[in-house]
2 protein chains.
Amino acid sequence: MKTNLRKYRFENGNISQQKLADLVNVSRQTIVAIERGDYNLSVKLALLLADKLGTTVEELFKLEEKDYV
Amino acid sequence: MKTNLRKYRFENGNISQQKLADLVNVSRQTIVAIERGDYNLSVKLALLLADKLGTTVEELFKLEEKDYV
DNA sequence: ACAAAATGTCAAGTATATTTGACATTATGT
DNA sequence: ACATAATGTCAAATATACTTGACATTTTGT
């Protein structure tokens with residue numbers, strides 16, 4: 001699964017990892033892990049992130065070939 | 001988090017839990033748990049379900065008041 | 001140049017998503 | 001009425017999301 005969380009984090013207020021983490025109530029390490037990719041976060045967190053960054057889950061996280069069954 | 005997976009499952013080809021489970025490669029129990037609600041599935045599975053049911057994650061899963069920080 | 005903020009990364013612990021198996025109940029088709 | 005498919009539910013095991021803490025490196029502002 002690919003993500004452009006980092007891109008949206010910069011484009012949307014240029015917010016720090018820590019600040020974003022606080023906004024959605026997770027640890028900074030979780031944000032780091034998500035940005036690093038290959039991290040299958042929960043849909044609730046994905047919805048919160050999309051909400052705070054003013055976008056959609058589909059825009060923030062994209063399935064790759066290997067993800068489809 | 002609220003879900004209308006069940007509604008979409010019926011409206012979209014009237015597919016059985018087992019068949020949907022097979023489509024996204026999880027066990028039927030996982031589908032049951034998701035439909036029962038209060039189940040925080042992974043975003044990858046959410047994206048797959050939305051894809052197979054021809055809708056979006058946002059349409060399939062909605063945050064509730066208590067989910068917002 | 002210096003201090004402070006932001007980021008990268010490792011490791012160990014806790015919470016919970018997902019699986020497997022099994023059985024009971026309810027719906028559906030013939 | 002009967003067989004089969006679909007669903008509800010429980011319990012135990014495994015995989016993994018997420019946390020906490022700690023330290024090093026890089027970036028940014030003055």
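Proteins come first, then strands; the chains are lettered A, B, ... in the order of their sequence lines, and each starts at number 1.
No more than 12 heavy atoms of other residues, nucleotides or ligands sit less than 6.0 Å from atom NZ of A/Lys2.
For A/Thr3, the side-chain contact (heavy atoms from CB on, under 4.5 Å) partners at least two apart in sequence or on another chain are A/Leu5, A/Phe61. Applying the side-chain hydrogen bond (donor to acceptor under 3.5 Å, both in side chains) test to B/Ser42 and every residue at least two apart in sequence or in another chain returns A/Asn40. For the salt bridge (Lys or Arg N to Asp or Glu O under 4.0 Å) test, no residue two or more places apart in sequence or in another chain qualifies with B/Arg36. The side-chain hydrogen bond (donor to acceptor under 3.5 Å, both in side chains) test applied to B/Tyr8 returns B/Glu59, not counting sequence neighbours. Residues satisfying the salt bridge (Lys or Arg N to Asp or Glu O under 4.0 Å) criterion with A/Glu11, sequence neighbours excluded, are absent altogether. A/Gln18 pairs by the side-chain hydrogen bond (donor to acceptor under 3.5 Å, both in side chains) definition with A/Asp22, not counting sequence neighbours. Residues that satisfy the side-chain hydrogen bond (donor to acceptor under 3.5 Å, both in side chains) test with B/Arg28, not counting sequence neighbours, are B/Gln17. B/Lys19 pairs by the side-chain contact (heavy atoms from CB on, under 4.5 Å) definition with B/Ile15, B/Ser16, not counting sequence neighbours.
Separating the OG1 atom in A/Thr55 from the NZ atom in A/Lys7 is a distance of 8.5 Å, to the nearest 0.5 Å.
Without hydrogens or angle criteria, A/Glu58 side chain to B/Thr56 main chain gives no donor-acceptor distance under 3.5 Å. Listed for the B/Asp67 side chain is a donor-acceptor partner under 3.5 Å among the backbone atoms of B/Glu64.
Per the geometry, CD1 belonging to B/Ile31 stands 11 Å off P belonging to D/dT7, to the nearest Å. Distance, B/Lys44 NZ to D/dA15 P: 16 Å, rounded to whole Å.
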Per-nt protein contacts along nucleotides 14-29 of chain C (heavy atom under 4.0 Å; B base, S backbone sugar-phosphate only, - none) come out as ---SBBBBB-------
Can you name the atoms? Protein N/O to nucleotides 27-30 of chain D N/O, anything below 3.5 Å, with the distance.
none

side-chain contact (heavy atoms from CB on, under 4.5 Å) assessment of B/Val57 paired with B/Leu49: CA-CA 8 Å; B/Val57 172; B/Leu49 286 169; over 6 Å; no
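Within residues 9-20 of chain B, the residues having any heavy atom under 4.0 Å from DNA chain D are, by residue number, B/Arg9, B/Ser16, B/Gln17.
End-to-end axis angle for the helix from C/dA1-D/dT30 to C/dT30-D/dA1, using five pairs per end and rounding to 10°, comes out at 70°.
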